[in-house]
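What follows is a short report on a single structure.
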Amino acid sequence: MRFSRMHLPTLKEVPAEAEVVSHRLMLRAGMIRRLAAGIYSFLPLGLLALRNVEEIIRQEMNRAGAQEVLLPAVQPAELWQESGRWDFYGKELLRIKDRHQRDYCFGPTHEEVITDLIRHEVRSYRQLPLNLYQIQTKFRDEIRPRFGLMRGREFIMKDAYSFDVDDAAAGLSYQEMRDAYNRIFSRCGLNFRAVEADSGAIGGSFSHEFVVLADSGEDAIASCQSCEYAANIEKAESQFIEVETALPDPVAAAALEVATPDCESVAEVADFFKVTPEAIIKSMIFESDLGFCMVVVPGDREVNEIKVAAALGAEWLEIPAPARVADELGLPVGYLGPLNVSITLLVDRQVPQMGEMICGANRVGFHLQGVLWERDFTSRQMADLVQVRAGDLCPRCGSLLQIDRGIEVGHIFKLGTKYSEKLKATFLDQEGQERLLVMGCYGVGVGRTVAAAIEQNYDENGICFPYAIAPFKVALLNLDLKSEEVTAYCENLYQELRNRGISVIYDDRNERPGVKFKDADLIGVPLRLTLGRKGYKRGILEAKCRSTSISEELPLDDRTSLWSLLEELATDDSRIPSQ
RNA sequence: CGGGAUGUGGCUCAGCCCGGUAGAGCACUGCGUUCGGGACGCAGGGGUCGGAGGUUCAAAUCCUCUCAUCCCGACCA
């Protein structure tokens, strides 16, 4: 492509709307433009990057035996009512009406549509396994879209759905997708981790997220420093070690009520008693489909709601407003404690070994000191309820866990029969028995993968695209358009690069050299070739690598070293796992 | 949904408090000079100041409503 002919509106200044690196750089590099909150247009450069990721995805999905389809974006409400998600999915589902006032939605995901399709198509175990995928625009009406393509409302997703005869076969499909995903993100040149995750609203029993490590990421993951264990913080567990608790001697007969005016938070209470938060127990009221309950954890720990919901076996869980707690239960938020409460008491497994504790007295302005497990309160419902943190022990090997931030770019789920049951998607097995299809679903955020790649690869001059997804692999800068020899050489090299199938942007604009350098850096072209009058006289072409800043002088009359340099770049940063 | 902020040429912003002919830089067009890290000079084009209503002789500026966008929060007592 000739730069002079390309619609590539780079910006010197950063549009005020952009906060995070990838968003800023994608705007500045002329890749995307915003139309509305969370809704973006792709310009030519952005689309090239997107297509490169799509192509890698297609290759790996096809290699894994999946077949591409294209499903409708607009879906009738009946299907969603049949699966039960019309009500459950909530406001994220963009609902629309047609001219006859019939309800539709713009698909945020396609379990319903694909299951409907398959239940009409698949009758026999002979047609299985089957894995269909598509790359398509989704819409999720996010509460708060932000960060450009990282959390958009309209976005492009690759979603795949597998259908198998039983759990074991579905496990194989899942594993195949897991391998494919590892190859996809490796080939995109990303530093990522596959982590165990909660399956959330999509449902199912088991899932892994693929998280690109980046400080600006919205997700946190816990990973072991020595073994392979890695999990989303929502899901992560830690090893629990029983310790003997030393009690003071003699032990007081009962806890002591102390006036603690205006001490509502753990920090304030710790300050008041001159103790660390570890000596305090934090009590919180939760409400679920099973009613109210009180959750008790060490004061220096954060409650993990997903673990609470799992421990309770609850469908949904939320924290009621303090006013509601006061009205319904007569309990004062800020001064809660586990003594003498009538509702379910759910206690974190670490609490019994805390020794003498401080907790709220269930009376405004008072806390209890010297509280003891068993003497003062107890519960049969004990579990791991807290969020892991750096320094906790790996549940597999006992080494230290570390916490990193990252961007979720892929998520794979074992769905089981959740949707096939609701939509009655069945087949006949070898014995002629009617059985439910066992499903899995597998998603990749395509635009988000591009954004994540930028989050992970940039410097003060702009984007440093990994070779595999770079819109252009080579930028050829002609610094002296007026010189016939220089221009003739550049034109010839440009043609040869194109003939070799190397995507190249030839900067033939009538601009000063500085402008060309800045633009080539900004748009993240991995290899920059520069030729000016001086270089031409010396018979050399300057080749500079964007990511390493290493430059070499190549002879004009022999291009073999150029081809080997490109070869090297192409293989260098696509870290394909060996397996 | 709660809180905060912002809407002025394509972009970044000033002007608003204290009402009186709409500005700068970048970008764009033409000419000239310049030419290896976002050049300079001269001459130009382009804005119903987010929208609606109101106050006023007069509104970008004051008032009311509305729309849009961004940030924080919407669970850690």
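In what follows, chains carry the letters A, B, and so on, assigned in the order in which the sequence lines appear, proteins first and then strands, with residues in each chain numbered from 1.
- Distance check, rounded to the nearest 0.5 Å: OH of A:Tyr458 to CD1 of A:Ile463 gives 12.0 Å.
- Side-chain contact of A:Ser379 with A:Gln381: a donor-acceptor pair under 3.5 Å is absent, judged by distance alone.
- A:Gln402 and A:Asp404 are linked by a side-chain donor-acceptor pair at a separation below 3.5 angstrom, with hydrogens and angles left out of the test.
- Here A:Arg363 pairs with A:Glu257 in a salt bridge; the nearest charged N to carboxylate O distance falls below 4.0 Å.
- Nearest-nucleotide assignment on RNA chain B puts the 5′-proximal partner with A:Arg28, out of A:Leu35 and A:Arg28.
- Base pairing of B:G47: no nucleotide in any strand meets the Watson-Crick or G-U wobble criterion (both distances under 3.5 Å).
- Side-chain contact check for A:Phe465 versus A:Ile523: every heavy-atom pair is 4.5 Å or farther apart.
- Remark: the separation of the P atoms in B:A22 and B:G47 is 13 Å, to the nearest Å.
- Within 3.5 Å, no donor on the side chain of A:Asp480 pairs with an acceptor on the base of B:G36, nor the reverse.
- Taking the P atoms as reference points, B:A24 lies 35 Å from B:C67, given to the whole Å.
- Just one of A:Leu531, A:Leu541, A:Leu481 meets the side-chain contact (heavy atoms from CB on, under 4.5 Å) condition when paired with A:Cys490; it is A:Leu531.
- We find that A:Asp519 and A:Arg509 are joined by a salt bridge, their nearest charged nitrogen and carboxylate oxygen being less than 4.0 Å apart.
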Restricting both atoms to N or O, compile the protein contacts to nucleotides 3-7 of chain B shorter than 3.5 Å, with distance only.
none

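- Of the residues in residues 520-554 of chain A, those with a non-hydrogen atom less than 4.0 angstrom from any atom of RNA chain B are A:Asp521, A:Leu522, A:Arg528, A:Thr530, A:Gly532, A:Gly535, A:Glu542, A:Lys544.
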Tabulate atom names and distances for all N/O pairs under 3.5 angstrom spanning the protein and nucleotides 25-32 of chain B.
residue, atom, partner, partner atom, Å
B:G25, N2, A:Glu13, OE1, 3.0

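- Using a 3.5 Å distance cut-off with no hydrogens or angles, the side chains of A:Asn478 and A:Thr487 do pair a donor with an acceptor.
- Side-chain proximity of A:Lys518 to the nucleotides B:C70, B:G37, B:C76 is greatest for B:G37.
- Heavy atoms of A:Leu479 sit under 4.0 angstrom from at least one base atom.
- Using a 3.5 Å distance cut-off with no hydrogens or angles, the side chains of A:Asn362 and A:Tyr335 do not pair a donor with an acceptor.
- Residues A:Asp392 and A:Arg301 are paired through a salt bridge, judged by an N-O separation under 4.0 Å between the basic side chain and the carboxylate.
- Nucleotide B:C75: unpaired (no Watson-Crick or G-U wobble partner with both distances less than 3.5 Å).
- A salt bridge is absent between A:Lys307 and A:Glu234: the closest approach of a Lys/Arg side-chain nitrogen to an acidic carboxylate oxygen does not fall below 4.0 angstrom.
- A donor-acceptor contact under 3.5 angstrom links the side-chain atoms of A:Arg512 to the base of B:U34.
- With a 3.5 Å ceiling on both atom-pair distances, the Watson-Crick or G-U wobble partner of B:G23 is B:C13.
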